[in-house]
Structures are given as C-alpha cells and as structure tokens.
Amino acid sequence: MALLGAAVEGGIEEVARAVDFDGGGGIFVVGSMAPGAQLRSSAGGPTLTAAGSAGTDAFVAYVDAAGVPQWLLPLAGPGTEYAYDVVADGAGRAWVCGTFTATLATTAGTLVAAAGGVNGFALQVSRTGSVERLLHIGPAAGVIPGECATDSNGRLYVSGSYFGAPTLNGTALPAAAAGATGGFVAAYGADGAARWARGFAGSAGVAWRGVAISGDPAEDVLAIGQFSGTAGFGTTTLVAAPGATSAWVARVSGSDGAVRWAIAPTGESYGRGVRALAGEVVVAGAFRGSQQWQGVGAITASGGQDLFVARLTSAGAPVWARAVGGSGDDEGAEIAVDGSSRIVLAGSLAGTLTAGTTTLTAQGTRDLLLAQFSDAGTLQRLQAVGGPGDDVAYALEVAGNGRVAYAGVGRGTVSDGARSLAASGTYDALFGTLDALAVVVSPAPPPPPPSTGVQRQDVTIPQQGGGSLQARLVAPLPATGPYPALSLLPGGGAPIDSVAWAADGLARAGYVVIVTQPASGGSLAAYDTAARSGIDFLLSSANPFAAATRSDRVGVAGWSLGARALSRTQDEDARVSALVAWDNLALNETGDAGSPNCSGSNPPSTRRPRVPALGQASDFCGPPAETVETKKTAYEGWRAAGQPVMQVVLAGSTHFVWGTQGSGTARQAQALYYTQAWFDRWLKDDSGAGARLLARSVDGVAVEQVLSTRFRSAAAFDGRNCPDLRTACGP
C-alpha cells in the first residue's frame, strides 16, 4: 500500500486514477497531485518528492514488485495537468493518457494547447522513468482523453469526450449538443502516427469512459460510457431513461472505427469499465433502482446506488447481469479479468453489503470496494480497503495469476487489513496490491426441495416462427420458489415420457421444468426450436408457475438428437446459462467421434462453447476403433474455450439409459445425480455442488464402479483440471 500526498495542498487533492502491472510484478500508477507531494509505501524504501509547479500537476510513479517506490515523475506546466489512464505493454513500457492546458514540457518534447483550451496528451514512459514518445491528442481545444488501450501490434487507442465539433486525426467529429459533450476514440500506430478517429454525439450529451481491445483476432475496440436523451452509434440510435443518464456499450472496428453494434440497458446508470473475456465482453458501472439488459433478468440496487457487472456475447447479446453494493450510495469505477476468467470490480462501499450469509461494512463514509465474480456471474470474494474517512477506488488491474492492483483516494488512516498508512493531507492518492481478496462469500443456502412431490400439467405452447407444440410442465409441490427454469428435450422421435425421470427428479430438487415435443422427430432445427419455445413459455406470463420461476437462471438438457441440438441452442440463445447433454455433448452438431456409436467427423467446431456444459455418455462404441479419449471429443473443445465442462461415461450403460428403458435403474439414478449437481452448481450457485460432482462415491457407490474403464471421464471447472475422474481429483 502506498500514499502520495502533500501536507500543504492549497486546495488541491491528490488522486490516483489508473494502475497497471509492468509485466515483471511492478506497477505503474498515474493521477494528479499538488506541488511537493511525497510518495510513501508501507513496504518501506525511499520517500519520493515531486517538486511540480503551481496548480494541479499530473504524475506517473513506479513501484517495484515488493511495493518499494522507485521513481516519481511530475508532468507539470504553467496550467493544469491530469493523467487519467496508464496501459503497460508487458515489456517494461507504458502509455499514459491525460489532459493539459497551456504547455506540457517533457524530455521527449513540448506540447502547446490550442487556443488556451483543454487538450489531450499521450506519452510513453519506460520502467526506468524516461519519456520515450509524446503525442498531442487534438490539437483542437476541448478534446479530453479519458482512457487508452493497446492491441497486440502495439497500436494505441485513446478514448474520451469533447466539446463542440473539433477535428481529430483529420476527421471532423459530429457536433456535440450545446453545453454537453460528445464521445470519441482516436487510433494511432505503434509509431504514434495518427490512423483514424470516430465521434459519437446525441441530443443531450454522450461521454466515453472505458476502452479495451476485443480478445479475438479482429482486435476491435470495446467501449462503454453514458448518455442522456438519444445518441447515435452508426445506424443504431439508443434512447436513455427519461430524465436520466443511461450506460451504453459498443463495439467498433479496430481498422476504421465503424460501429459493429451498440446497446444500452434500461434504467438510470452510468458505464465505467469494459474488458474482453474469452472472446466475449464484460462491462461495469453503477445504477440506481433497477436495471435490465434485454434478454436477462432485471437487477435491483440494495441501496441508493449499486455497482453492476454484465457479460455480453461478442455480438452484444446480454448473457447475465449482477448487482453488488451496500445500503448507501456506492460508486462504480473499473473492471478487470485475470488468467482464470475471474472478473474483478473496483469502486466504493457505503454502508453494509450483504451477499448470501456474508456481510461487509464500510469503516467510514465510504471504503474502497473490490469484488470478484466467476465468469458465470457468481460473487466469490470481497475486499474493503479504507478507514474512518472517505476512501474510494477509481481503478484496478489484475495480473494473470490473480494478483490485484488498485488505485484511488484515501482520507485519514487507511488499511487493507494487513498494512496501514496515514494520509498527509485532506485526500491522498492511494494505491496498492493484494495477492487475493480476503473475504470469501458464502452463498445463502438454497431453498429446501419440496417434500410432497411434484405437479404436472400438459400444455400447448406457441412455437417460435408459428404454430404450436405439445409440452409438459413439471414443478415442485408446493411451487413457492423462486426456482431456476429448465427446458428439456427427448431423443430423436422419442415421446415426452421418455425423459420423465429427469423432469420429475429435477422438479423435486427445486426446478421448474418443461419438456417440449419437437414438431419433427428427426430435425435438428425442430429440436432447437422446441428448446427455445420451451424457454419462451417458462419465462412468459402464460406459465402457470411464472411467479415461482426465475427468469435469470435458465438451463437446458436433452437426450441423443436433443443433446446435439442444444449445442446450437446454448450458442445462440443468450438466456441459457448451463447445459447437460445425455449421450452426448457435441461441438459438431451433426455428430462427432464422441457420439453414441463413436461415428461422425471432427471438423473445426461448428458451435461455440458458451455456457458450462456436462456431457454424459454410454459405455458403448462402434467402428472405427475406440480410444480411451473418444467420448471426450466435445469436452476438449469446451475446455479449450475456457468454459467449465465435465464428461462422465457411466460404466456398463447403453444409449437407452436416458430413455424409458432405463427407468428405475441404478445408472439412471446416477445420471440424475450428476445432472442435478451440475445445474445446482451453475444455476443455484450451490457451493457444495462442485464437491458432489467430484465426490469419490455416488449414492454410496464408489466412483471406480460408477465410471467406465473403457473411456475416460474428466472435469475442468472451478480451477481444477481432472483428465481422469477414476483417479483422485485435487484442487
């Protein structure tokens, strides 16, 4: 933990605005300071002083992996200077982005602001503190850079806001509304040469806050901010909540800035952070009241204002959204992702936060709040940093190994639980690192499963695209809820009754289930349509158990052809959060070597693994010759995509274990055991379900007797990689 501040500030408060790891364990930190500010660390080492100049100065500092300050570089001039972001290249250099008025002089050159207004800068600094390159972001007045990002080729992207209608990188930006701002992104080559710029304006103001690079070969620009009234993004017009500010998220081409898509949630909110995650997008900010992203359930603030995090597909379709916050007004700042696809938020906590059976209370007016989520949206860990004053996080970064660096402001004495420091003045720039967030969140126990059985209704439901389908609803008795929703499919040409064992068993375990009969017994498309139509009905007011059904937790399961069809459904339907495939999970929806008779081809995946998936397979194979890994064909694709996955091959089972012929058998009971545990883990956030999935016995029978000796079963989730479940699977 480190603080940068001055005892005599003259009304200037020190703020750390951004932080990034340098690739060797050290961190770059940027922000603003008063002249004569001193940098001190709880790790000891020298106290560094920056002379600066009159007024507010920007600064860049570097702290080594042990937390010892190495240098402090003021970015000073006769006007006002701010540094808002820093992005390291992993090889010992970093780009710093900010604003200045009047002039900004560095060893790499001097910039002069246009017409005495606010201009932007980007400078490249080395790990030793030498300024290697300096760019003028403008030079028109009224261009205010906020954040920056670099792609794999070292090209720089700078985002921010502007007033009026300036020309940037040779492009005239659209005129911002009178007295309001527009949002922009400007692109530069690795050599600093201007490439292109793109601006967005609206009826009442657009601000661009966060920028990142997509995690796929396209290397597009991901963006987030907020707007009022209406705002234009290419051919898309977004409309904010009446009289309020709304967050927006967009993806634009990295080659020319053309808008690929843009969306906004309902409700009052602002957007701050955006990152790529396994080819998709995660975003964060803060909201008031309630917020809803189209296609997923609404979230509600616990206090006046809470932080939000949402996951979107690469095409901008919402996957899930979560809220976290205390009983007061919390501020949302930034988001980052580690090498295990865990998501971390930074902001502030006001009052008391309650999550499951875990509570966290701010010591002062506000504390720095750090919150860690799984890639499926489960809140896993929390950390507060602060003291009796007012402390807020404005930025963070997470290394691949999960180490967290945070930055913000501290007032009075601040502590992270292991270290503490006292501020020099009113507010000091505060930053530090944590190996892991301290508080493990214990989820609330799931509602007890009903003890009096299930209730069933045969219904006729609308089919997507027209027509109707026959289906059966099965729900707990009594249906008090709220329960996750499951859409089930029978096998090719099989009746609804063929999977009644699963529908009844899952309803007893606390799920609202629909089994839908497809319009055609041999059509993959008809089965996919049936699964989606079942979801539509479960989430509609026509569902007689609608009041007991959770719209934000939806799973799908199917047998044989139904299992293959669901590979398409989970890829394309953003409402789906978990999949169970009975004989068997498939990447190639037309069949691959993992199919029941081990036939089929293995071309490049035709479907994208998007949700946690459990495959169950029979202990059977036909030509060609089998191998111990054959049944894991799709499993390996899911694992390569970074999605939680498990594959179990039940010893001595045939393809009909999952149909009517298997009713009442021990193997079918074991299939239900694994199915329920998988859905409990990913739809109920049941912390004990992972242990049940990897237990050394199933309903009292040793795993060595449950799982096949011909084919390997495996699991890869929750940080574990177990290539053969017949052997021990440790953490």
Side-chain angles (χ1 to χ4, degrees), residues 1-4 16-31 39 41-43 45 48 59-73 83-98 122-130 132 147-152 154 156-157 210-213 215 222 272-277 282 284 333-347 368 370-372 381 383 385 393-408 416 418-419 429-437:
M1 178 187 296
L3 286 167
L4 171 65
R17 291 287 182 183
V19 63
D20 202 0
F21 287 98
D22 72 334
I27 57 174
F28 292 98
V29 184
V30 303
L39 172 60
S41 170
S42 61
L48 305 180
F59 75 84
V60 188
Y62 178 75
V63 176
D64 68 14
V68 177
Q70 299 299 301
W71 49 261
L72 172 61
L73 175 66
Y84 291 113
D85 199 11
V86 60
V87 55
D89 63 5
R93 297 185 304 178
W95 279 102
V96 179
C97 300
L123 65 82
Q124 195 172 51
V125 62
S126 74
R127 186 185 285 137
T128 60
S130 62
E132 299 182 352
E147 293 197 4
C148 46
T150 56
D151 64 17
S152 64
L156 176 69
Y157 300 85
V211 64
I213 305 302
L222 307 176
R272 283 294 187 269
V274 59
R275 291 297 173 93
L277 172 62
V282 286
E334 192 53 271
I335 188 170
V337 177
D338 72 8
S340 298
S341 295
R342 291 175 295 227
I343 304 160
V344 183
L345 304 185
L368 279 74
L370 304 171
Q372 176 185 299
R381 288 178 175 266
Q383 175 84 49
V385 179
Y394 290 132
L396 87 159
E397 188 55 75
V398 183
N401 62 4
R403 191 178 183 212
V404 175
Y406 59 88
D416 64 6
R419 296 157 289 269
L430 166 67
F431 56 94
T433 61
L434 297 164
D435 291 332
L437 307 192

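A donor-acceptor distance shorter than 3.5 angstrom exists from the side chain of Ser41 to the backbone of Ala43, with no hydrogens or angles considered. Within the 3.5 Å criterion, the main-chain N or O of Val398 finds no donor-acceptor partner in the side chain of Asp338. A side-chain donor-acceptor contact under 3.5 Å links Ser42 to the backbone of Met1. The backbone N or O of Leu370 lies less than 3.5 Å from no partner atom in the side chain of Gln372, so there is not a single donor-acceptor pair. Judged by distance alone, the side chain of Glu334 and the main-chain N or O of Ala18 form no donor-acceptor pair under 3.5 Å.
A cation-pi contact, defined as under 6.0 Å to the ring centre and within 45° of the axis, is absent between Arg17 and Tyr84.
Looking at Val86 and Val29, their side chains never come closer than 4.5 Å, going by heavy atoms from C-beta outward. Looking at Val404 and Leu396, their side chains come closer than 4.5 Å, going by heavy atoms from C-beta outward. Here the side chains of Ile27 and Glu397 are not in contact, with every heavy-atom distance at 4.5 Å or above. Within the 4.5 Å cutoff, side-chain heavy atoms of Phe431 are placed close to those of Leu39. Side-chain contact between Val60 and Trp71 is present, with at least one heavy-atom pair separated by less than 4.5 Å.
A distance of 13.0 Å separates CG of Asp85 from CH2 of Trp95, quoted to the nearest 0.5 Å. Rounded to the nearest 0.5 angstrom, Leu73 CG and Leu123 CG are separated by 7.5 Å. Rounding to the nearest 0.5 Å places CZ of Arg342 at 9.5 Å from CG of Leu437.
In plain terms, the two heavy atoms of Ala122 and Leu156 that are nearest each other are CB-CD2, 4.0 Å. The two residues Ala393 and Leu368 have their closest heavy-atom pair at N-CG, 3.4 Å. When every heavy atom of Gly215 is checked against every heavy atom of Ala276, the shortest pair comes out as N-CB, 3.2 Å. Contact record, Val68 with Asp64: N-OD1, 2.9 Å, taken as the closest heavy-atom pair. Of all heavy-atom pairs between Ala399 and Phe21, the closest is N-CE1, 3.6 Å. Listed here is the closest heavy atom pair of Leu72 and Leu4: CD2-CD1, 3.9 Å.
Classification of the Tyr62-Phe28 ring pair by plane angle, with boundaries at 30° and 60°, yields tilted.
Using a 4.0 Å cut-off between a side-chain N of Lys or Arg and a carboxylate O of Asp or Glu, Arg272 and Glu147 do not qualify as a salt bridge.
Taking Ser130 as the reference, Ser126 meet the side-chain hydrogen bond (donor to acceptor under 3.5 Å, both in side chains) condition, with sequence neighbours excluded. Under the rule for a side-chain hydrogen bond (donor to acceptor under 3.5 Å, both in side chains), the partners of Thr433 that lie at least two apart in sequence or sit in another chain are Arg403.
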